[in-house]
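To keep things clear, I will list the structure first and then write my remarks on it.
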Amino acid sequence: MKEFFSITQITFLTLLLTAILTPAKAQTPTQFTPGTVWKDTSGEVINAHGGGLLYSGGTYYWYGERRGQRASEGVNAYSSKDLYNWKAEGLALAPEESPESDITKGCLMERPKVIYNEKTGKYIMWFHLELKGRGYDAARAAVAISDSPTGPFKFLESFRPNGNMSRDMTLFVDKDKSAYHIYSSRDNYDLRIAKLTDDYLSPTAADKLLFSQHREAPAIFRHNHLYYMVTSGCTGWAPNRASVHVASSLWGPWEDKGDPMQGPDAATTFGGQSTFILPVSGKTNKFIFMADKWNPKDLKDSRYLWLPAEVKDGKLSITWYDSWKL
Ligand code: DGJ
């Protein structure tokens with residue numbers, strides 16, 4: 001009988017077919033590699049931009065903007081035990097169908113942050129909301145609530161805190177469990193702070209201007225009785241120089257301590273923009289600085305820059321590493 005294929009050809013074809021038919025293996029990273037494509041445990045690229053982390057019940061949760069090429073598609077949640085491997089938990093907050101809703105499809109949901117309220121047992125999400133079809137004019141903060149860290153969160157309301165414009169923002173829970181909303185206001189010229197009500201759902205009238213230096217993207221942490229706040233300049237999606245302000249009270253005075261970034265491209269925050277700083281649980285003086293390396297042509301392809309942050313003699317440094325471990 002005539003032979004159609006040689007053994008070598010059959011081996012080659014078998015290998016080729018196996019390669020084509022075997023599903024892409026999910027990554028199991030054991031280190032951070034800032035700026036590279038970061039996949040979740042099912043092998044999908046992580047889509048959680050302008051995000052923040054919450055540590056709750058021994059698990060880390062990562063909340064961030066789910067983005068299309070340009071579109072804002074809600075808030076995604078991921079969970080992790082080790083901060084390297086993230087499981088997709090799906091949309092924690094979805095845009096709503098009703099055209100009457102403030103978060104109707106087509107609105108912009110940016111920089112979501114979630115905190116846990118021990119008194120009420122609820123997870124509270126705040127984010128920057130822009131109403132559909134109005135560009136960045138609405139400048140509102142918005143609040144959603146959930147019984148579970150992965151949602152689904154229920155949208156409650158949106159507003160300008162105490163009448164002030166509110167764009168880039170973060171939340172901070174202090175040692176005494178008081179929570180604060182820190183937000184760029186007056187067309188981003190002002191950075192303000194508002195203490196939240198005990199249920200973390202609304203701003204109180206305790207609302208103060210921190211400084212007027214045209215800064216956005218606030219990310220804050222506390223270490224040894226001092227508060228450190230990293231911000232960016234205001235250049236749209238383009239990276240710029242970061243600065244850190246330090247204060248012994250959240251209400252200020254906040255002293256500008258210059259740029260904490262160190263390494264190549266430090267002058268442009270390594271091509272990124274701050275979004276959150278995580279105190280690593282169980283470790284003193286170990287913080288993870290999180291930034292977004294935005295890709296305005298394809299926002300979902302924006303990359304994550306997670307870098308180690310350290311304080312020495314009251315001075316914060318955030319140093320570039322191609323790869324690093326906790
Ligand atoms: C900079 C902000 O920090 C981002 O969150 C986003 O709002 C862009 N501007 C839009 O240009």
> Is there side-chain contact between Tyr183 and His128, with at least one heavy-atom pair below 4.5 Å?
Replying inline: no
> Is the number of heavy atoms from other residues, nucleotides or ligands within 6.0 Å of OH (Tyr189) greater than 12?
Replying inline: no
> At their closest point, which heavy atom of Ala242 faces which heavy atom of Val230, and how far apart are they?
Replying inline: CB-CG1, 4.2 Å
>> Using the rule ring pair (Phe, Tyr, Trp, His ring centres under 6.0 Å), only one of Tyr123, Tyr55, Tyr200 pairs with Tyr116; which is it?
In response: Tyr123
> Side chains of Ser317 and Gln262: closer than 4.5 Å at any heavy-atom pair?
Replying inline: yes
>> Is the distance from the ring center of Phe153 to that of Trp126 below 6.0 Å?
In response: no
>> Which residues pass the side-chain hydrogen bond (donor to acceptor under 3.5 Å, both in side chains) test with Tyr84, not counting sequence neighbours?
In response: none
> Can you check whether Leu196's main-chain N or O pairs, donor with acceptor, with Ser178's side chain at less than 3.5 Å?
Replying inline: no
>> Would the distance check show the side chain of Thr104 and the main-chain N or O of Ser98 forming a donor-acceptor pair, the cut-off being under 3.5 Å?
In response: yes
> Going hydrophobic residue to hydrophobic residue with side-chain gaps under 4.5 angstrom, can you get from Leu191 over to Phe172?
Replying inline: yes
> Can you name the closest pair of heavy atoms from Ala206 and Trp251 and give their distance?
Replying inline: O-CH2, 3.4 Å
> Does the side chain of Asp102 come within less than 4.5 Å of Glu157's, by heavy atoms?
Replying inline: no
> Shared ILVMFWY cluster between Phe287 and Phe270, side chains joined below 4.5 angstrom?
Replying inline: yes
> Does a sphere of radius 6.0 Å around NZ in Lys105 hold more than 12 heavy atoms from other residues, nucleotides or ligands, not counting ones at 6.0 Å or beyond?
Replying inline: no
> Counting only N and O atoms by type, is there a donor-acceptor contact under 3.5 Å from the side chain of Thr269 to the main-chain atoms of Asn240?
Replying inline: yes
>> Count I, L, V, M, F, W, Y as connected when their side-chain heavy atoms are under 4.5 Å apart, and connections chain through other members. Are Trp62 and Leu91 then in the same cluster?
In response: no
> Between atom CZ of Arg192 and atom CZ of Arg186, what is the distance when rounded to the nearest 0.5 Å?
Replying inline: 10.0 Å
> Between the main-chain N or O of Asn47 and the side-chain N or O of Tyr78, is there a donor-acceptor pair closer than 3.5 Å?
Replying inline: yes
> Is it true that the side chains of Thr150 and Glu89 contain a donor and an acceptor less than 3.5 Å apart?
Replying inline: no
> Are Met290 and Phe32 connected in a single hydrophobic cluster, I mean Ile/Leu/Val/Met/Phe/Trp/Tyr linked by side-chain heavy atoms less than 4.5 Å apart?
Replying inline: yes
> Is the backbone of Leu299 close enough, under 3.5 Å, to the side chain of Gln69 for a donor and an acceptor to pair up by distance?
Replying inline: no
>> Strictly distance-based, threshold 3.5 Å: is any side-chain N or O of Ser185 a donor or acceptor partner for the main-chain N or O of Asp190?
In response: no
> Please walk me through it: do Leu53 and Leu83 pass side chain to side chain contact (heavy atoms under 4.5 Å, CB included)?
Replying inline: CA-CA 10 Å; Leu53 298 187; Leu83 292 163; 4.0 Å; yes
>> Run Asp82 and Asn85 through side-chain hydrogen bond (donor to acceptor under 3.5 Å, both in side chains) and show every step you take.
In response: CA-CA 6 Å; Asp82 64 5; Asn85 296 278; 2.8 Å; yes
> What distance do Asn295 atom CG and Lys300 atom NZ have between them, rounded to the nearest 0.5 Å?
Replying inline: 9.0 Å
> Do you know which two heavy atoms are closest between Ile103 and Ala94, and how far apart they sit?
Replying inline: CD1-O, 3.7 Å
>> Strictly distance-based, threshold 3.5 Å: is any side-chain N or O of Glu65 a donor or acceptor partner for the main-chain N or O of Arg111?
In response: yes
> What's the verdict on side-chain hydrogen bond (donor to acceptor under 3.5 Å, both in side chains) for Ser302 and Arg67, showing C-alpha distance, side-chain angles and the deciding distance?
Replying inline: CA-CA 9 Å; Ser302 302; Arg67 287 292 193 161; over 6 Å; no
> Quick one: does Arg134's side chain get under 4.5 Å of Leu108's, heavy atoms only?
Replying inline: no
> So, do Asp168 and Gln273 sit near enough that their side-chain heavy atoms are less than 4.5 Å apart?
Replying inline: yes
> Step by step, would you call Ser243 with Asp259 a side chain to side chain contact (heavy atoms under 4.5 Å, CB included)?
Replying inline: CA-CA 4 Å; Ser243 70; Asp259 183 358; 5.8 Å; no
> Do the ring planes of Trp38 and Trp306 sit parallel (below 30°), tilted (30 to 60°) or perpendicular (above 60°)?
Replying inline: perpendicular
> Taking all non-hydrogen atoms of both residues, which atom of Thr268 and which atom of Pro239 are closest, and how far apart?
Replying inline: O-CB, 3.5 Å
> Judged by atom type as modelled, is there a donor-acceptor pair below 3.5 Å linking the side chain of Glu130 to the main-chain atoms of Ala138?
Replying inline: yes
> Closest heavy-atom contact between Gly68 and Asp298?
Replying inline: O-OD1, 4.2 Å
> Say you draw a straight line from CG of Leu326 to CD of Gln31; how long is it, rounded to the nearest 0.5 Å?
Replying inline: 11.0 Å
>> Evaluate Trp324 against Asp322 for side-chain hydrogen bond (donor to acceptor under 3.5 Å, both in side chains), listing each step before the verdict.
In response: CA-CA 7 Å; Trp324 65 284; Asp322 291 338; over 6 Å; no
> Can you list the steps and then say if Tyr304 with Trp86 is a ring pair (Phe, Tyr, Trp, His ring centres under 6.0 Å)?
Replying inline: CA-CA 13 Å; Tyr304 310 103; Trp86 291 91; over 10 Å; no
> Can you find a pair of side-chain heavy atoms, one from Lys325 and one from Thr30, that are under 4.5 Å apart?
Replying inline: yes
>> Measuring from atom CE of Met169 to atom CG of Leu171, what distance do you get when rounded to the nearest 0.5 angstrom?
In response: 4.0 Å
> Under 30°, 30 to 60°, or over 60°: which ring-plane class applies to Phe155 and Phe127, parallel, tilted or perpendicular?
Replying inline: tilted
>> So which atom in Gly50 and which in Asp292 form the shortest heavy-atom distance, rounded to 0.1 Å?
In response: N-OD1, 3.0 Å
> How long is the span from the CG atom in Leu156 to the CG atom in Leu201, to the nearest 0.5 Å?
Replying inline: 6.0 Å
> Has the side chain of Arg167 got a donor or acceptor atom that lies under 3.5 Å from a matching backbone atom of Ala141?
Replying inline: no
>> In this structure, would Leu305 and Tyr228 fall into the same cluster of hydrophobic residues linked by side-chain contacts under 4.5 Å?
In response: yes
>> Can you confirm whether Lys208 is buried at NZ, in the sense that more than 12 heavy atoms of other residues, nucleotides or ligands lie under 6.0 Å from that atom?
In response: yes
>> Any non-hydrogen side-chain atom of Leu316 less than 4.5 Å from a side-chain atom of Phe289?
In response: no
> Does any N or O in the side chain of Tyr227 come within less than 3.5 Å of the main-chain N or O of Trp254, such that one atom is a donor and the other an acceptor?
Replying inline: no
>> Please check if the number of heavy atoms outside Asp176 that lie under 6.0 Å from its CG is greater than 12.
In response: yes
> CG/Asp40 to OG/Ser80 distance, rounded to the nearest 0.5 angstrom?
Replying inline: 11.5 Å
> Side chains of Lys122 and Ser146: donor-acceptor distance under 3.5 Å anywhere?
Replying inline: no
> Heavy atoms, side chains only, cut-off 4.5 Å: are Gln213 and His245 in contact?
Replying inline: yes
Distance-only donor-acceptor hits, side chain of residues 276-285, under 3.5 Å, sequence neighbours excluded:
| residue | atom | partner | partner atom | Å |
| --- | --- | --- | --- | --- |
| Asn285 | OD1 | Val311 | N | 3.0 |
| Asn285 | ND2 | Val311 | O | 2.8 |

>> Heavy-atom count check: over 12 atoms from other residues, nucleotides or ligands less than 6.0 Å from Tyr321 OH?
In response: no
